[in-house]
Structure formats: C-alpha cells, structure tokens
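Input: a single structure, listed below in structure tokens.
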Amino acid sequence: VSGGGVAAFSDARPFQFGYADAAHDVKKKKVVVLGTGWAGTSFLKSLKDPSYDVHVISPRNYFAFTPLLPSVTNGTVEARSIVEPIRSIVRKKKFDVHFKEAECYKIDTVNKKVCCRSTQENNLGGSEEFTVDYDYLVIAMGARANTFNTPGVVEYAHFLKEVEDAQRIRRTVIDCFERASLPTVSEEEKKRILHFVVVGGGPTGVEFAAELHDFVNEDLAKLYPALKQHVKITLLEAADHILNMFDKRITEFAEEKFQRDGIDVKTGSMVVKVSDKEISTKERSSGKTVEIPFGMVVWSTGIGTRPVIMDFMKQIGQTNRRVLATDEWLRVEGCDSIYALGDCATINQRKVMEDIAAIFSKADENNSGTLKVDDFKGVIKDIAERYPQVQIHLKKNQLRNFLQLLKSKDGEDELNIEKFKQALAEVDKQMKSLPPTAQVASQQGVYLADCFNRMDICEKYPEGPIRFRAAGRHRFRPFRYKHFGQFAPLGGEQAAAQLPGDWVSIGHSTQWLWYSVYASKLVSWRTRLLVISDWGRRFIFGRDSSR
Ligand code: FAD
Ligand code: MG
Ligand code: MG
Ligand code: MG
Ligand code: MG
C-alpha cells in the first residue's frame, strides 16, 4: 500500500497470477474443487466466469442438506428428499464442470496436483487412482466426527454426519424395537436394548434426542404398546449445560422440556469408553466411573480435522495447529493459489495489538509521533474492515464514546502510541472464531466465487483499500460473515431460535418459522417439494416405521 505501510494491509493483494504473459492467456486456468458439501457447492453455484476450467472431486456425487439429517433418522423426511445430484446442480452452468467421484488422499503443493482414489472397487479388487493438476485449488472437504480418541466409539457408536449415518440410525432404532419384541428376550435385556444414548449436548445431539423422543412417543408407542414402558433416552454432556452456544433462556427451556419429556439429561458426565453393550462415563460430581447398558449410542461431540488435511498441514509448515489456517481472503497460510473454506479450515484473525504500531503510523500520516483524534477518524473505517473486532467494539461502545476515550484526560486531543494502545486494549477481546456451520460454509463459498469472478478486474487494481477507494468495487474485501441466527429444534413441534441482536424466540410458532426457513433454504425446487410433501405425509399418516 502506498505510503503508510500498515503491515496488515500490505497483503491486500490476495490473488497471485500465474499467467501474466499473453502466450498463456489462451489456456484456461484450471480450478480444482475438493468436496461437494455446503462450501464446495455454494462456490460452484456462484462461480460465473466461464474462463475457468473447473474440476470437482468428491467421494459423494451429491450435495446433502445437513440441517435436515436429524429428521432423516426417524423418517420424518426421506433421505432422497434432502440430496441433490451434483451433476444436476452444475449442469445448469454456462460452462463445463467436470466431476469425478473419488476422494483426494494427498495434496502435492510442489507439483501442484492432487492424488485421488475412486471410492468404488474395480474388478481387480483395488480402486482406481489418478492425479489431477491445478492452477487454483479450493479445499472444501469438511471435517470428520471427533471421537477424542475415546476407545470403542468408532466400533460401537453411530455418528450423525452423513446421509448413510442417518439411514443406519433409522434402521437400528427399528431393529432394537423388533429385537426387544422377541419372546426369548428377558425384561432386563429389553430395557438394555431400548436404552438409547446420545453423547453430546450440542445442537445436533439435542435435535436428534428430541426427534427420537417424538418418534418413540408419537409412532412407535402405538405399534409396540408393550415396549413403551422400557424405552429410555439419555443425553450425556461433559459440560454443565446443554446447548452451551445458545442464550441461557434457550438452554433452560430445553433442559426443562427434556425433563418433562422424560429424556434423562446427564450433564458433567464424560464418556471414557464404549463397548458393545455398555458405555462408561466419568461423573464429574462424584469422580466415579459409571457403566450404562445401552441398545444404541449416537456420538455427536463435534468435529475434527481429516487425516489428509493433517498431512497437508505438515507439508506446508502449519505443524502446531489443530485446524488448517487461512487468512481473511480464505487463502491457505503458507501456500500459493490454494484456498480453504467451510469446516475444514478456520480464519486466522489478526490481533489489533500485534499490528498496533503499524496501525498507528498509518493513521499518523505525517509521522509526527502523535495522533489527532481527527486523523484517527479518517482511517477507522479501513481499520474496521481489516479487523472485524474493531467494528464489534465500536458498535458496543459507540464511536463518540470511543473517540472521547482516545482523548487524553486533560482535554488534549492528541495521543501518542502508548495512549493509543490503552484505548484499543479491549478490542481484541471481541475476537471470535466462526462456528462450523452451513451458514458460514455457504457464505464463504459465495464470497470466494465472487473473488474468482472478479479476478481479472481486481488484477488491475491490486492496491489496498486506501488509495483506490474510488475503485473500491474492484478490490477484494476480506471475507466477512453475516449471522442470520440459529435454530434449535426441541421436539413436540417446538423450537428455539436465537436471532441477531440477542433476540430469542421459543415455542410452536418458532417451529413454523423453522419449517419456512429450511424449506426456503433447500437447494432446488425438487428437494423443496419432496421435503414439504414428506412433512405433510408425516402430519397425516405419521412416520413410516418399517425397516
Ligand atoms: P461438508 O458439507 O461436510 O462437505 C464436505 C464435502 O467434502 C462432502 O461432499 C464430502 O463428501 C467431501 N469430501 C470428504 N472427504 C473428501 C476427500 N478426501 N476428497 C474430496 N472430497 C471429500 N449448520 C447450520 O448452519 N445449520 C444447521 O441446522 C446445521 N445442522 C446440522 C446437522 C447435522 C446432523 C450436521 C452433521 C451438521 C449440521 N450443520 C448445520 C453443520 C453443517 O452441515 C456444516 O457446517 C457444513 O456441512 C460444512 O460445510 P463443508 O462444505 O465445509 O463440509
Ligand atoms: Mg464442501
Ligand atoms: Mg453438506
Ligand atoms: Mg462437515
Ligand atoms: Mg471454518
């Protein structure tokens, strides 16, 4: 950036170009996208520039609408209704998109290629392997379920992450009821088989427990009247409360509702081991280990990094991190032309305090060593764009108060770097990393596609925000997340929602809001119609309980 030299702004040219010379201009730049989940699909849908040669690699040839996965576990919604073939999504594009059903098992940054393996067996009993080279790589392969290395989880617990998981859970629930109906099964064994344990009190675990409770009470109780008394649902959570990330009112409502419903919420219990028939937990209050017999366990304790990403991180020197880091332009730190978005990555936000000297000298244009409040007013917008925490801080504290604070106590309106530091000392406390949600992933996909769409124009105006403010349209702003609120369906046609501005809404009307929001968010009219008719069918006939 001209003059000022704020370190933080100096990387405002996010995109590097391999084909500056005219000879190469004819060749299309090859974009390889890994993953067809929320991030990858939203990137593909928003990519408009036909000058790219686009290749997509994913072990699943469809996009899945994950927010409705819990509804698939009990047949409220059919699995087919929430998936859309990726080939039909990209068919509508004006340019060709090539899809390969395979998983990437290695990213080779030196030779700029990815190594892939088909997920299907070939007739030699192995699987087809191939490599794909790239000019730009977009990593959007999501995350895996996190077991925290708890023994037995992979072998004996169900995850709820993929469509297949939800279908398997549905079959297992029915299996448990049929097995418990056999004449040879003792009472005690019936109790065990019909004990459903959910591990993890986050939104997914809570929603699943609620869906299961509805399924059991609204449908299965009628079909298996003799078994109803034996059914039990337990929700295990290591922390003190469920739905930690939500407002207190929602947590309280959910805990009370579950208690009324007879769902046993056990907080402060850490699962230490799972075996084929028992789950062992350590109770924080007593320090004791308790063994709980179960028929089915669903494990939903959050996400972890995929092994292929771990390898990649080692390769590029991100060794002491747990999650792949990008900058605010979604460029992977330490690489060229590689972007990562969605659950597989996290944005490494810069701290104001670390860049404070550079910010100060940026505002202090004539290098006088002191800053007038007016100077600061002039650059605050640019700073807030680069450091979202400043914007949040200003919103909470109001600009006028903040500027007041900047002025020294004796009424002087000049401040030196020390005072400047004091004034901004609290700002970094507002930093929060983005949650691993579909909302974040899809916004990042739209953002990155927009950058790719404008890459040509932006190349001409690579300078930072200050000098080319007039040409602001032509530059890449850092990614900024817009939060539209979050739902927690709680069963019995009730839901809770936490909307921006700490708005909380709970109850039956919120469930209707949930229906309408999710219906509107579905990717195609086909899936929308299918889901809405599934809901209608459920209202009229109840859920299907055949295996
Ligand atoms: P994903 O959507 O997981 O996509 C990853 C893609 O990469 C998949 O296509 C996968 O097949 C592919 N892939 C995997 N491995 C490889 C490989 N080796 N090579 C190539 N491709 C690969 N979020 C919300 O905002 N609201 C909700 O209500 C909500 N409910 C949820 C309910 C459930 C049950 C779950 C599991 C998640 C929910 N989420 C919700 C979270 C949301 O689904 C994720 O945050 C989102 O899917 C992340 O998008 P992504 O593209 O990063 O990953
Ligand atoms: Mg994806
Ligand atoms: Mg998905
Ligand atoms: Mg994911
Ligand atoms: Mg992320």
Side-chain angles (χ1 to χ4, degrees), residues 32-45 55-73 77 82-86 89 99-107 114-119 132 137-146 158-166 169 198 200 202-208 211 245 298-303 305-312 323-324 330 340-346 434-445 448 481 483-489 495 497-498 514 517-518 521 523:
V32 173
V33 181
L34 302 176
T36 53
W38 277 98
T41 305
S42 102
F43 174 79
L44 288 170
K45 286 180 93 174
H55 291 252
V56 183
I57 295 154
S58 174
R60 293 187 180 77
N61 73 348
Y62 55 79
F63 164 81
F65 192 83
T66 49
L68 290 180
L69 273 183
S71 310
V72 173
T73 62
V77 170
I82 66 159
V83 303
E84 185 73 17
I86 198 71
I89 292 176
F99 176 76
K100 304 268 180 308
E101 192 183 77
E103 63 174 3
C104 160
Y105 66 89
K106 188 176 183 301
I107 297 167
V114 289
C115 305
C116 307
R117 186 190 297 136
S118 161
T119 42
V132 180
L137 182 64
V138 176
I139 307 176
M141 56 169 89
R144 60 172 177 81
N146 200 350
H158 290 264
F159 295 123
L160 179 45
K161 193 88 181 53
E162 314 288 345
V163 178
E164 294 95 326
D165 297 334
I169 289 172
V198 184
T204 304
V206 165
E207 184 177 354
F208 170 70
E211 289 271 3
M245 63 294 295
V298 172
W299 189 270
S300 167
T301 58
I303 56 171
T305 304
R306 291 189 190 281
V308 43
I309 299 282
M310 281 304 219
D311 280 355
F312 172 59
V323 189
L324 182 64
L330 309 183
L341 54 166
D343 283 2
C344 68
T346 177
L434 297 177
T437 60
Q439 242 184 104
V440 171
S442 65
Q443 288 182 30
Q444 290 182 335
L448 191 65
Y481 171 61
H483 186 62
F484 291 104
Q486 197 180 2
F487 283 99
Q498 186 166 341
W514 182 89
V517 166
Y518 281 111
K521 292 245 181 277
V523 275

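This is a predicted model, so every value here is computed, not measured. Numbering of ligands and ligand atoms starts at 1, following listing order.
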Inset, instruction - Give a yes/no verdict on whether any heavy atom in F487 is under 4.0 Å from an atom of ligand 1. - result: no

Legend entry - Proximity of T36 to ligand 1 by residue part, where a heavy atom lies under 4.0 Å: both

Legend entry - Distance, nearest 0.5 Å, that separates CG of L330 from CD1 of I139: 11.5 Å

Inset, instruction - Please name the pair of heavy atoms, one in I57 and one in V114, separated by the smallest distance, quoted to 0.1 Å. - result: CD1-CG2, 4.2 Å

Legend entry - Non-hydrogen atom of R306 closer than 4.0 Å to ligand 1: yes

Inset, instruction - Give the atoms of ligand 1, by number and element, whose distance to some non-hydrogen atom of Y518 is under 4.0 Å. - result: 26 (N), 27 (C), 28 (O)

Inset, instruction - Test side chain to side chain donor-acceptor pair (under 3.5 Å) on T73 and E211 and set out the steps. - result: CA-CA 8 Å; T73 62; E211 289 271 3; 5.7 Å; no

Inset, instruction - Name the orientation class of the two ring planes belonging to Y481 and H483 (parallel below 30°, tilted from 30 to 60°, perpendicular beyond 60°). - result: tilted

Legend entry - Expected output: side-chain E84 to main-chain Y62 donor-acceptor under 3.5 Å: no

Legend entry - Any N or O of R60 closer than 3.5 Å to N or O of ligand 1: yes

Inset, instruction - Ignoring hydrogens, just give me the one of L160, T204, T66, V440 whose non-hydrogen atom is nearest atom 36 (C) of ligand 1. - result: L160

Legend entry - Per-atom contacts, ligand 1 versus A441 - under 4.0 Å to a heavy atom: 48 (C), 49 (O)

Legend entry - Sub-3.5 Å N/O-N/O distance, A39 and ligand 1: yes

Inset, instruction - Mark up the atoms of ligand 1 that fall under 4.0 Å of a heavy atom belonging to G342, in ascending order. - result: 52 (O)

Inset, instruction - Only heavy atoms count here, so choose which of F208, F43, W38 is nearest to atom 47 (O) of ligand 1. - result: W38

Inset, instruction - Carefully, step by step, assess I169 and L160 under the rule side chain to side chain contact (heavy atoms under 4.5 Å, CB included). - result: CA-CA 8 Å; I169 289 172; L160 179 45; 4.2 Å; yes

Legend entry - Check: C344 N/O within less than 3.5 Å of ligand 1 N/O: no

Inset, instruction - State, without any angle test, whether S58 and T36 hold a side-chain donor-acceptor pair at a distance under 3.5 Å. - result: yes

Legend entry - Donor-acceptor pair, side chain of E207 and main chain of S71, under 3.5 angstrom: no

Inset, instruction - Can you sort out which atoms of ligand 1 are near P436, meaning under 4.0 Å from one of its heavy atoms? - result: 41 (C), 45 (O)

Legend entry - Atoms of ligand 1 close to I57 [distance to a heavy atom under 4.0 angstrom, numbered from 1]: 20 (C), 21 (N)

Legend entry - Euclidean distance, S442 OG relative to F43 CZ, rounded to 0.5 Å: 14.0 Å

Legend entry - E103/R60 salt bridge by N-O under 4.0 Å criterion: no

Inset, instruction - Go through ligand 1 atom by atom and flag the ones less than 4.0 Å from a non-hydrogen atom of E103. - result: 17 (C), 18 (N), 19 (N)

Inset, instruction - Find all atoms of ligand 1 within a distance of less than 4.0 Å from any non-hydrogen atom belonging to Q439, and give their numbers and elements. - result: 25 (O)

Legend entry - N or O contact, L69 vs ligand 1, cut-off under 3.5 Å: no

Legend entry - Expected output: side-chain W38 to main-chain G142 donor-acceptor under 3.5 Å: no

Inset, instruction - Using a 4.0 Å heavy-atom threshold (strictly under), name the region of S58 that reaches ligand 1: side chain, backbone, both or neither. - result: both

